[in-house]
Amino acid sequence: MPAARESLLDAAYTALTERAWAAVRMVDVANAAGVSRQTLYNEFGSKEGLARALVRRETDNYLAGVARALSEGSPAVGARRDAAGRVAAAAAWTLRTARANPLVRAVLTGCWSDRLPAPAAGAAPPASRPGIPAQRNAPLADGPLPGPAELVGRFCDQAVAALEPDWPEEQLPALCTACETAARLTLACVVAPVTPGEAPSAGRAAARRSCREPEAEAVSRLVRGAFARMPGDVQPGERC
């Protein structure tokens, strides 16, 4: 029953915002969702199962937001769109989500506080590489929860998938490199927010110039810098 499942996950997330996961009771989650405790156990099996499903849903929602930002983040200019601007929009979404959602931040950074469920990890599947379409937008499969490396790979894959239709095939390696650099800079800004005295080493000068700007603008400068370092003859263009 999808509606009951979503209601239970919503109730679990609300409970988590109010108290530590260790203090969240299954009966309270069921009552808040308006279902029986037996329904809750039928859906998730245990509190651990509920935690894993909650983390996976929040992570999938984050990745869906990355895909939306990449498709909507920059207006068309003739037949082309601003590649750096679209990736910067996805980076800004990542920062906003990580600040607002403690579960997404924990998965992105690998740092789980005592308030969070921190389900048993296990070995995460390897990050997908650019050029594997089946991996790019698929929901995260059951099994070990993703970690920072996998999410960097997902961010990069989605960026390449969104941008590559406008790029000649021989220029795709440079595009992949720029997207991976942008993904890693974004994660670095989640782990250590850009401040006047601190910045990811690959973009330290750009971050200092933007230290008085909102954080999203600062990471946008870093992402655009990653694309600016691409070879000068690499430009988006329509494919035949």
[X] side chain near [Y] side chain, heavy-atom distance below 4.5 Å:
{"X": "Leu187", "Y": "Thr94", "answer": "no"}
{"X": "Leu54", "Y": "Pro117", "answer": "no"}
{"X": "Leu40", "Y": "Val27", "answer": "no"}
{"X": "Leu16", "Y": "Leu103", "answer": "yes"}
{"X": "Thr186", "Y": "Trp93", "answer": "no"}
{"X": "Pro148", "Y": "Thr109", "answer": "no"}

Does a side-chain N-to-carboxylate-O contact under 4.0 Å join Arg224 and Asp82? yes
Got a salt bridge between Arg221 and Glu217, using NZ or NE/NH1/NH2 to carboxylate O under 4.0 Å? no
Within this structure, what is the [atom1]-[atom2] distance for the pair [X] and [Y], rounded to the nearest 0.5 Å?
{"X": "Arg25", "Y": "Arg37", "atom1": "CZ", "atom2": "CZ", "answer": "9.0 Å"}
{"X": "Cys179", "Y": "Arg184", "atom1": "SG", "atom2": "CZ", "answer": "13.0 Å"}
{"X": "Leu175", "Y": "Glu180", "atom1": "CG", "atom2": "CD", "answer": "11.5 Å"}

Are any side-chain N or O atoms of Arg105 and backbone N or O atoms of Val190, one a donor and one an acceptor, separated by less than 3.5 Å? yes
When you measure from the side chain of Thr39 to the backbone N and O of Val35, does any donor-acceptor pair fall under 3.5 Å? no
By the side-chain hydrogen bond (donor to acceptor under 3.5 Å, both in side chains) test, which pairs, at least two apart or in different chains, include something from residues 10-23? Asp10-Arg57
Can you name the nearest heavy-atom pair linking Ala84 to Val223, along with the distance? O-CG1, 3.9 Å
